[in-house]
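Being a predicted model, the structure only gives us computed values, none of them experimental.
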Amino acid sequence: MPKRLLLAVVLTALVPAMSTPAFATTGHTQAKPTVILVHGAFADASSWTKVVAKLQGAGYPVIAPANPLRDLKGDSDYVSSVISTVPGPVILVGHSYGGSVISAAASGHTNVKALVYVAGYVPEVGESALDLTGKFPGSQLPTSLLTRDYPGGTDVYVNPAKFRAAVAADLPARDVAVIAATQRPVSYAALDAKATVAAWKKIPSWYLVSGADQAIPTAAQKFMAKRAGAHTTEVKGASHLALVSHAEDAADVISAAARATR
(Lines give C-alpha, C1' and ligand atoms only; values in the text may rest on other atoms or scores of the structure.)
Protein backbone atom coordinates (compact mmCIF):
# COMPACT_ATOMS: atom_id res chain seq x y z
CA MET A 1 0.00 0.00 0.00
CA PRO A 2 1.44 3.44 -0.94
CA LYS A 3 2.63 5.48 2.06
CA ARG A 4 0.19 8.33 1.40
CA LEU A 5 -2.76 5.96 1.22
CA LEU A 6 -1.64 4.20 4.39
CA LEU A 7 -1.41 7.54 6.21
CA ALA A 8 -4.89 8.50 5.04
CA VAL A 9 -6.30 5.22 6.34
CA VAL A 10 -4.65 5.72 9.75
CA LEU A 11 -5.89 9.30 10.07
CA THR A 12 -9.40 8.28 9.08
CA ALA A 13 -9.41 5.68 11.81
CA LEU A 14 -8.19 8.21 14.37
CA VAL A 15 -10.61 11.04 13.57
CA PRO A 16 -13.67 9.61 15.42
CA ALA A 17 -11.59 9.07 18.56
CA MET A 18 -9.95 12.49 18.31
CA SER A 19 -13.33 14.23 17.96
CA THR A 20 -14.45 12.93 21.34
CA PRO A 21 -13.58 15.30 24.23
CA ALA A 22 -10.53 13.98 26.04
CA PHE A 23 -12.29 13.85 29.37
CA ALA A 24 -15.73 12.71 28.26
CA THR A 25 -17.46 10.04 30.30
CA THR A 26 -18.74 6.77 28.87
CA GLY A 27 -22.32 7.26 29.98
CA HIS A 28 -21.82 6.31 33.61
CA THR A 29 -22.71 8.80 36.32
CA GLN A 30 -19.57 10.41 37.68
CA ALA A 31 -19.54 9.98 41.45
CA LYS A 32 -17.31 12.98 42.15
CA PRO A 33 -16.63 16.25 40.35
CA THR A 34 -13.51 16.74 38.29
CA VAL A 35 -10.93 18.91 40.00
CA ILE A 36 -8.99 21.23 37.69
CA LEU A 37 -5.81 22.57 39.30
CA VAL A 38 -4.29 25.74 37.83
CA HIS A 39 -0.74 26.58 38.88
CA GLY A 40 0.60 30.07 39.35
CA ALA A 41 3.65 32.06 38.29
CA PHE A 42 7.20 30.72 38.66
CA ALA A 43 5.81 27.16 38.61
CA ASP A 44 4.36 24.43 36.44
CA ALA A 45 1.71 21.76 36.93
CA SER A 46 4.14 19.58 38.90
CA SER A 47 3.69 21.96 41.83
CA TRP A 48 0.36 20.18 42.36
CA THR A 49 1.89 16.68 42.44
CA LYS A 50 1.22 15.97 46.13
CA VAL A 51 -2.28 17.45 45.97
CA VAL A 52 -3.08 15.39 42.87
CA ALA A 53 -2.01 12.20 44.63
CA LYS A 54 -4.21 12.93 47.64
CA LEU A 55 -7.24 13.83 45.53
CA GLN A 56 -6.87 10.81 43.28
CA GLY A 57 -6.53 8.64 46.38
CA ALA A 58 -9.91 10.02 47.50
CA GLY A 59 -11.47 9.13 44.15
CA TYR A 60 -11.49 12.50 42.40
CA PRO A 61 -10.75 12.80 38.68
CA VAL A 62 -8.01 15.44 38.37
CA ILE A 63 -6.66 17.59 35.55
CA ALA A 64 -3.63 19.86 36.10
CA PRO A 65 -3.13 21.75 32.85
CA ALA A 66 -0.11 23.83 31.92
CA ASN A 67 -0.96 27.48 32.54
CA PRO A 68 0.75 29.39 29.69
CA LEU A 69 1.73 32.37 31.93
CA ARG A 70 1.75 34.71 28.92
CA ASP A 71 -1.20 37.07 29.39
CA LEU A 72 -4.27 37.03 31.62
CA LYS A 73 -6.85 36.84 28.85
CA GLY A 74 -4.99 34.19 26.87
CA ASP A 75 -4.26 32.14 29.97
CA SER A 76 -7.89 32.36 31.08
CA ASP A 77 -9.16 31.43 27.62
CA TYR A 78 -6.89 28.41 27.62
CA VAL A 79 -8.13 27.15 31.00
CA SER A 80 -11.70 27.87 29.86
CA SER A 81 -11.09 25.58 26.87
CA VAL A 82 -10.01 22.82 29.26
CA ILE A 83 -13.18 23.27 31.30
CA SER A 84 -15.19 22.93 28.09
CA THR A 85 -13.91 19.37 27.64
CA VAL A 86 -15.39 18.23 30.97
CA PRO A 87 -19.10 17.33 30.71
CA GLY A 88 -19.69 16.94 34.44
CA PRO A 89 -19.30 19.21 37.48
CA VAL A 90 -15.95 20.92 38.05
CA ILE A 91 -14.15 22.26 41.10
CA LEU A 92 -11.75 24.89 39.75
CA VAL A 93 -8.64 25.58 41.84
CA GLY A 94 -6.00 28.28 41.47
CA HIS A 95 -2.72 28.96 43.25
CA SER A 96 -1.16 32.43 43.27
CA TYR A 97 -1.55 33.99 39.78
CA GLY A 98 -3.67 30.95 38.96
CA GLY A 99 -6.33 32.56 41.14
CA SER A 100 -6.57 35.48 38.71
CA VAL A 101 -6.87 32.99 35.86
CA ILE A 102 -9.69 30.91 37.37
CA SER A 103 -11.60 34.06 38.34
CA ALA A 104 -11.99 34.73 34.62
CA ALA A 105 -11.90 31.21 33.17
CA ALA A 106 -14.94 30.05 35.14
CA SER A 107 -17.16 32.70 33.59
CA GLY A 108 -19.89 31.20 31.42
CA HIS A 109 -19.36 27.62 32.60
CA THR A 110 -22.39 26.44 34.53
CA ASN A 111 -20.62 23.19 35.44
CA VAL A 112 -18.05 25.03 37.61
CA LYS A 113 -19.57 24.47 41.03
CA ALA A 114 -16.85 26.01 43.22
CA LEU A 115 -13.73 28.13 43.03
CA VAL A 116 -10.89 27.28 45.40
CA TYR A 117 -8.02 29.66 45.99
CA VAL A 118 -4.78 28.38 47.51
CA ALA A 119 -2.88 31.54 48.48
CA GLY A 120 -4.30 32.90 45.26
CA TYR A 121 -5.27 36.25 43.83
CA VAL A 122 -9.00 37.03 43.80
CA PRO A 123 -9.12 40.22 41.74
CA GLU A 124 -12.03 42.58 41.47
CA VAL A 125 -12.71 43.95 38.00
CA GLY A 126 -10.02 46.54 37.32
CA GLU A 127 -7.43 45.02 39.66
CA SER A 128 -4.21 43.25 38.70
CA ALA A 129 -2.02 40.77 40.55
CA LEU A 130 0.55 43.52 41.00
CA ASP A 131 -2.09 45.82 42.50
CA LEU A 132 -3.10 43.21 45.05
CA THR A 133 0.50 42.31 45.94
CA GLY A 134 1.17 45.91 46.92
CA LYS A 135 -2.16 46.57 48.62
CA PHE A 136 -0.75 45.49 51.99
CA PRO A 137 2.83 45.61 53.27
CA GLY A 138 4.97 42.52 53.69
CA SER A 139 5.65 41.07 50.24
CA GLN A 140 9.27 40.26 49.47
CA LEU A 141 8.55 39.84 45.77
CA PRO A 142 9.27 43.43 44.71
CA THR A 143 12.89 43.07 45.86
CA SER A 144 13.30 39.44 44.80
CA LEU A 145 12.49 39.51 41.09
CA LEU A 146 14.65 39.24 37.99
CA THR A 147 13.54 40.14 34.48
CA ARG A 148 14.62 38.84 31.08
CA ASP A 149 13.38 40.33 27.85
CA TYR A 150 12.10 38.05 25.12
CA PRO A 151 10.79 38.93 21.64
CA GLY A 152 7.61 40.85 22.33
CA GLY A 153 7.77 41.19 26.09
CA THR A 154 9.48 40.73 29.43
CA ASP A 155 9.61 37.60 31.57
CA VAL A 156 9.71 37.76 35.35
CA TYR A 157 11.54 35.26 37.59
CA VAL A 158 12.25 35.03 41.30
CA ASN A 159 15.97 35.40 42.00
CA PRO A 160 17.10 31.88 42.98
CA ALA A 161 19.14 33.34 45.84
CA LYS A 162 15.96 34.87 47.30
CA PHE A 163 13.47 32.19 46.27
CA ARG A 164 13.30 30.37 49.59
CA ALA A 165 12.79 33.47 51.74
CA ALA A 166 10.17 34.96 49.41
CA VAL A 167 8.26 31.88 48.30
CA ALA A 168 9.12 28.66 50.12
CA ALA A 169 10.52 29.29 53.61
CA ASP A 170 8.90 26.13 55.03
CA LEU A 171 10.52 23.76 52.51
CA PRO A 172 13.99 22.18 52.73
CA ALA A 173 16.74 24.27 51.12
CA ARG A 174 17.77 21.41 48.81
CA ASP A 175 14.22 21.07 47.44
CA VAL A 176 13.87 24.82 47.03
CA ALA A 177 17.10 25.01 45.03
CA VAL A 178 15.63 22.59 42.48
CA ILE A 179 12.29 24.43 42.35
CA ALA A 180 14.05 27.76 41.87
CA ALA A 181 16.26 26.39 39.09
CA THR A 182 13.30 24.91 37.20
CA GLN A 183 10.82 27.74 37.71
CA ARG A 184 8.75 28.85 34.73
CA PRO A 185 8.70 32.60 34.20
CA VAL A 186 5.55 34.66 33.95
CA SER A 187 5.29 37.61 31.59
CA TYR A 188 5.18 41.03 33.22
CA ALA A 189 2.09 41.76 31.11
CA ALA A 190 0.19 38.89 32.77
CA LEU A 191 0.90 40.17 36.28
CA ASP A 192 0.01 43.73 35.29
CA ALA A 193 -3.21 42.89 33.43
CA LYS A 194 -6.46 44.21 34.92
CA ALA A 195 -9.24 41.71 35.55
CA THR A 196 -12.29 42.18 33.34
CA VAL A 197 -14.52 39.61 35.02
CA ALA A 198 -14.93 38.28 38.56
CA ALA A 199 -16.59 34.86 38.48
CA TRP A 200 -16.30 34.58 42.29
CA LYS A 201 -19.24 36.98 42.53
CA LYS A 202 -21.54 34.25 41.21
CA ILE A 203 -19.77 31.00 42.15
CA PRO A 204 -19.21 29.82 45.76
CA SER A 205 -15.59 30.07 46.81
CA TRP A 206 -13.14 28.57 49.30
CA TYR A 207 -9.80 30.03 50.33
CA LEU A 208 -6.69 28.55 51.94
CA VAL A 209 -4.71 31.38 53.54
CA SER A 210 -0.96 30.84 53.90
CA GLY A 211 -0.28 32.18 57.37
CA ALA A 212 3.41 33.01 56.80
CA ASP A 213 3.30 34.01 53.14
CA GLN A 214 6.08 36.39 52.09
CA ALA A 215 4.93 36.67 48.47
CA ILE A 216 1.23 37.58 48.76
CA PRO A 217 0.90 39.08 52.26
CA THR A 218 -1.40 37.16 54.57
CA ALA A 219 -3.36 40.37 55.16
CA ALA A 220 -4.02 40.63 51.41
CA GLN A 221 -5.20 37.03 51.27
CA LYS A 222 -7.60 37.54 54.17
CA PHE A 223 -8.89 40.72 52.55
CA MET A 224 -9.57 38.98 49.24
CA ALA A 225 -11.16 35.95 50.92
CA LYS A 226 -13.47 38.14 53.00
CA ARG A 227 -14.45 40.28 50.03
CA ALA A 228 -15.35 37.18 48.04
CA GLY A 229 -17.33 35.70 50.93
CA ALA A 230 -15.11 32.63 50.74
CA HIS A 231 -15.11 29.77 53.22
CA THR A 232 -11.68 30.42 54.70
CA THR A 233 -9.06 28.17 56.28
CA GLU A 234 -5.75 29.58 57.52
CA VAL A 235 -2.68 27.36 57.75
CA LYS A 236 -0.34 28.86 60.31
CA GLY A 237 3.31 28.90 59.27
CA ALA A 238 2.58 28.05 55.64
CA SER A 239 4.67 29.72 52.96
CA HIS A 240 3.42 30.79 49.56
CA LEU A 241 4.02 27.23 48.33
CA ALA A 242 1.45 25.80 50.70
CA LEU A 243 0.27 23.48 47.94
CA VAL A 244 3.64 21.73 48.31
CA SER A 245 4.43 22.10 52.02
CA HIS A 246 0.83 21.60 53.19
CA ALA A 247 -0.63 19.50 50.39
CA GLU A 248 -2.98 17.64 52.73
CA ASP A 249 -4.51 20.91 53.95
CA ALA A 250 -4.96 22.06 50.36
CA ALA A 251 -6.58 18.77 49.39
CA ASP A 252 -8.88 18.97 52.42
CA VAL A 253 -10.12 22.44 51.42
CA ILE A 254 -10.74 21.26 47.86
CA SER A 255 -12.61 18.18 49.11
CA ALA A 256 -14.71 20.37 51.41
CA ALA A 257 -15.71 22.54 48.45
CA ALA A 258 -16.60 19.45 46.42
CA ARG A 259 -18.76 17.99 49.21
CA ALA A 260 -20.56 21.28 49.83
CA THR A 261 -21.53 21.79 46.21
CA ARG A 262 -22.73 18.30 45.25
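Under the 3.5 Å distance criterion, the side-chain polar atoms of T85 are left unmatched by any main-chain donor or acceptor of I83. In this structure a side-chain-to-backbone donor-acceptor pair under 3.5 Å is present from Q221 to I216. With hydrogens and angles ignored, the 3.5 Å screen pairs a side-chain donor or acceptor of N111 with a backbone N or O of G88.
F136 has its ring centre less than 6.0 Å from the ring centre of F223.
With sequence neighbours excluded, no residue forms a ring-ring contact (aromatic ring centres under 6.0 Å, His included) with Y188. Take K194 and apply the salt bridge (charged side-chain N to carboxylate O under 4.0 Å, His left out) test, not counting sequence neighbours, and it matches D131.
Taken from OG in S107 to NZ in K201, the straight-line distance is 12.0 Å, to the nearest 0.5 Å.
Counting heavy atoms of neighbouring residues, nucleotides and ligands inside a 6.0 Å radius, atom CD of Q56 exceeds 12 of them.
Pairs passing the salt bridge (Lys or Arg N to Asp or Glu O under 4.0 Å) check and including a residue from residues 48-68, sequence neighbours excluded, do not occur.
Side-chain atoms of S187 and D155 form no donor-acceptor pair, as typed in the model, at a separation below 3.5 Å.
Both the sub-6.0 Å distance and the 45° axial angle are satisfied by R148 relative to the ring of Y157.
Using cut-offs of 30° and 60° on the angle between ring planes, the pair H95 and H240 is tilted.
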